[in-house]
Amino acid sequence: MRSNSSDSSATAEKLDFVRQIVAGDVAVGKNDGRVHTRFPPEPNGYLHIGHAKSICLNFGIASEYPRGLCNLRFDDTNPSREEMEYVESIKEDVKWLGWDWEDRLYFASDYFEQLFEYAVQLIRQGAAYVCDLTAEETRAYRGTLTEPGRESPWRNRSAEENLDLFQRMRNGEFADGSRTLRARIDMASPNLNLRDPVIYRIMRASHHRTGDAWCIYPMYDFTHGLCDSIEGITHSICTLEFEHHRPLYDWFLEQLGVFHPQQIEFARLNLTYTVMSKRKLLQLVRERLVDGWSDPRMPTLCGLRRRGCTPRAIRSFCGRIGVTKYNSMTDITLFEHALREDLNQCAPRVMGVLRPLKLVIENYPEEQEEELTAINNPEDEAMGTRQLPFCRELYIERDDFLEDAPKKFFRLSPGREVRLRYAYLVTCTAVVKDQAGEVVEVRCKYDPESRGGNAPDGRRVKGTIHWVSARHAATAEVRLYDRLFKCEDPDRTEPGRDFRDNLNPNSLEVLRECRLEPGLREAKAGTTYQFERLGYFCLDSEDAAPDRLVFNRTVGLRDSWAKIANKR
RNA sequence: UACCCCAUGGUGUAAUGGUAGCACAACAGGUUUUGGUCCUGUUAGUCUUGGUUCGAAUCCAGGUGGGGUAGCCA
């Protein structure tokens, strides 16, 4: 197993508890020293950042051992809610994250025949029986959290009768839901999972892979461990809610005497200012509270991708959050940090003006144009330079001009001098206002000796602002995304309200008259750019067209001026 | 009011019987042609009560708090 990057998360010294278990097993030669994990999604929804944690754990651990392997296996035992569309999107997302299952793509449905044989074996051993109770009756017989259950009247059928009935279930002789195959364990167990759990149900639903070949489908608990066993999985890593299922996981493997992988549970990822449950994400999509699964505000991998997040940043994040059994809430700022850290390293720098304010250089000749050299990435000299057109009329950011500026405001203001990045020093000489008193134009004079931005006499100019040539600029729509929810824990609500009441009404701001440096007309999809002094942006993969520039803000730059300004 | 799991600065995580460390966040300063990056510093923690021990975040017992479990879902 290989990651196609070198940033594998685990360091040699500090292993999380899962990696410690794996390392300990390898050290004592358990499983002949093999390390084999799997990522087992159900194809009934889109992957999100929480899945990325699991993916990076499973594929990551495998990648840390010379002969380590990780399978991609779809847990497709419930045809009523699974679809091929999800299979494809999940494969795409895992690949995008940078992991490779090589030739080990599996489906639980690949094993249906073998699973059936295992069930037959259990019946022969007296460890499973066909039960005629209805769903409601089964529930009633199960008991409650505080009271033991009662044994089904069908619990003591002979193996012969059970075998016959189970075969006839498969043959389609019985109605949906009329019978089940159940494990014969202990109706009084304090662990409800052990109260004779259902292992096969009758369900006439067309399966996305097996079609109508089956009308009985195995349940998760029975299927999962046996699939792990068949594939020779050594460490079956899953989330905490399966902890109570482990005794059952072990029970099936012991009853059948097959290879016994070890199930290890860890805490799933929770992030502030978002929700992670499939149900809630689906609700946001269905109720059109977001623009589909790939809405850049969604924590889905397709949403993060569309937003401009890099797989490297996501992997780096997954490497820092740790793996424990503690039910934590990770601060979204840690993700934003990982994102900025990666983007700072790789994002090409460009200039773009989001809220344009015209700036006219009065002493710059009307017809004159020139090209100025700009650095593409100060963090990476190999990325080279580019030429920027410059002329008499420019656009600057509205926020970079203030008529009555406080002392600590280092930008443009009447009488003050600033540097136009990579261009010239300019001094504001006048402003033009409309009838409403709004500043609509700034007038300046420039110092012709300061080409490139350096003062000939060495005078200090504190402020540097970005700009674009009015004559050459490309017009674009820019979508400023913010956190989807307005509070850290959207699920924490007053009675009678739910997470939807905590949606951030300002999570999207659309700016339609942005002006970008001309080179951005050829912006590449899949590249995230840094708009200098503003943040990271990428071309929208769904709404941009050759004649229509649409950019999404991935994340803003840290903004210490905003902090100062907010304090005032 | 059953059973299971968990508890270290604001957040996330190390320390596996021997100096409580790292990252994020926050705050302060330095460098800077991005108020970015980078660098330096500051604030701040072992849930509680007992016990074992020369020594406890770590082991034991009780308490408190949080999470999970009653699908023919996964």
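Any value given below was found using the heavy atoms of this structure, including those in side chains, with hydrogens, waters and symmetry copies removed. Sequence lines set the chain letters: A, B, ... in the order given, protein chains first and strands last, and positions in each chain run from 1.
The 5' end of RNA chain B is approached more closely, in terms of each residue's nearest nucleotide, by A:V461 than by the other of A:R492 and A:V461. Along RNA chain B, the nucleotide closest to A:G143 and the one closest to A:F335 are compared, and the more 5′ of them pairs with A:F335.
Between B:rA15 and A:Q20, a contact under 4.0 Å exists linking OP1 or OP2 to a side-chain N or O. In this structure, A:R201 reaches the B:rA74 phosphate: one of its side-chain N or O atoms is under 4.0 Å from OP1 or OP2. The phosphate of B:rC24 (OP1 or OP2) has a side-chain N or O of A:H337 nearer than 4.0 angstrom. Dashed line: the shortest gap from a side-chain N or O of A:T138 to OP1 or OP2 of B:rG71 is not under 4.0 Å. Between A:S560 and the phosphate of B:rG36, there is a side-chain N or O to OP1/OP2 separation shorter than 4.0 Å.
Looking at heavy-atom distances under 4.0 Å, A:R349 makes contact with a base. Using a 4.0 Å heavy-atom distance criterion, A:H224 is classed as making no nucleic acid contact. Among the protein residues, A:P378 comes within range of the nucleic acid bases, having at least one heavy atom under 4.0 Å from a base atom. Within 4.0 Å of A:M203, counting heavy atoms only, lies no atom of the nucleic acid at all. Residue A:M329 is classed as a sugar-phosphate contact, given heavy-atom separations below 4.0 Å to backbone atoms only. If you check every strand for non-hydrogen atoms under 4.0 Å, A:L269 touches nothing. Within the 4.0 angstrom heavy-atom criterion, no nucleotide atom of any strand lies near A:Y200.
The P atoms of B:rC59 and B:rA7 are separated by 10 Å, rounded to the nearest whole Å. Only the P atoms considered, B:rG10 is 9 Å distant from B:rU46, to the nearest whole Å. Nucleotides B:rG65 and B:rA28 are separated by 36 Å at their C1' atoms, to the nearest Å. Going from the C1' atom of B:rG45 to that of B:rG9 covers 4 Å, rounded to whole Å. Taking atom P on both nucleotides, B:rA57 is separated from B:rG51 by 15 Å, rounded to a whole Å. Between B:rU11 and B:rU43, the distance separating the two C1' atoms is 15 Å to the nearest Å.
Ionic pairing of A:R73 and A:D110 is not present here: no N-O contact between side-chain nitrogen and carboxylate oxygen is shorter than 4.0 angstrom. In summary, A:E417 and A:K462 do not engage in a salt bridge, as defined by a charged side-chain N under 4.0 Å from a carboxylate O. One finds no salt bridge joining A:D176 and A:R201 here, because no Lys/Arg side-chain nitrogen approaches an Asp/Glu carboxylate oxygen to under 4.0 Å.
Considering only the side chain of A:Y326, B:rA7 comes nearest among B:rA7, B:rG36, B:rA2. Which of B:rA23, B:rA14, B:rU34 sits closest to the side chain of A:R320 comes down to B:rA23. With B:rA2, B:rA74, B:rG35 as the candidates, the nucleotide lying closest to the side chain of A:I564 is B:rG35. For A:N78, whose side chain is taken as the heavy atoms from C-beta onward, the closest listed nucleotide among B:rA74, B:rC72, B:rC24 is B:rA74.
Pairing for B:rA23 is with B:rU11, a Watson-Crick or G-U wobble pair whose two hydrogen-bonding atom distances lie under 3.5 Å. Checking B:rC54 for Watson-Crick or G-U wobble geometry (two distances, each under 3.5 Å) identifies B:rG18 as its partner.
Residues A:R419 and A:V461 share a closest heavy-atom pair of NH2-O, 3.0 Å.
Under the 6.0 Å distance and 45° angle rule, A:R421 does not count as a cation-pi partner of A:W467. Annotation: cation-pi geometry not satisfied between A:R157 and A:Y129 (NZ/CZ under 6.0 angstrom from ring centroid, within 45° of ring axis).
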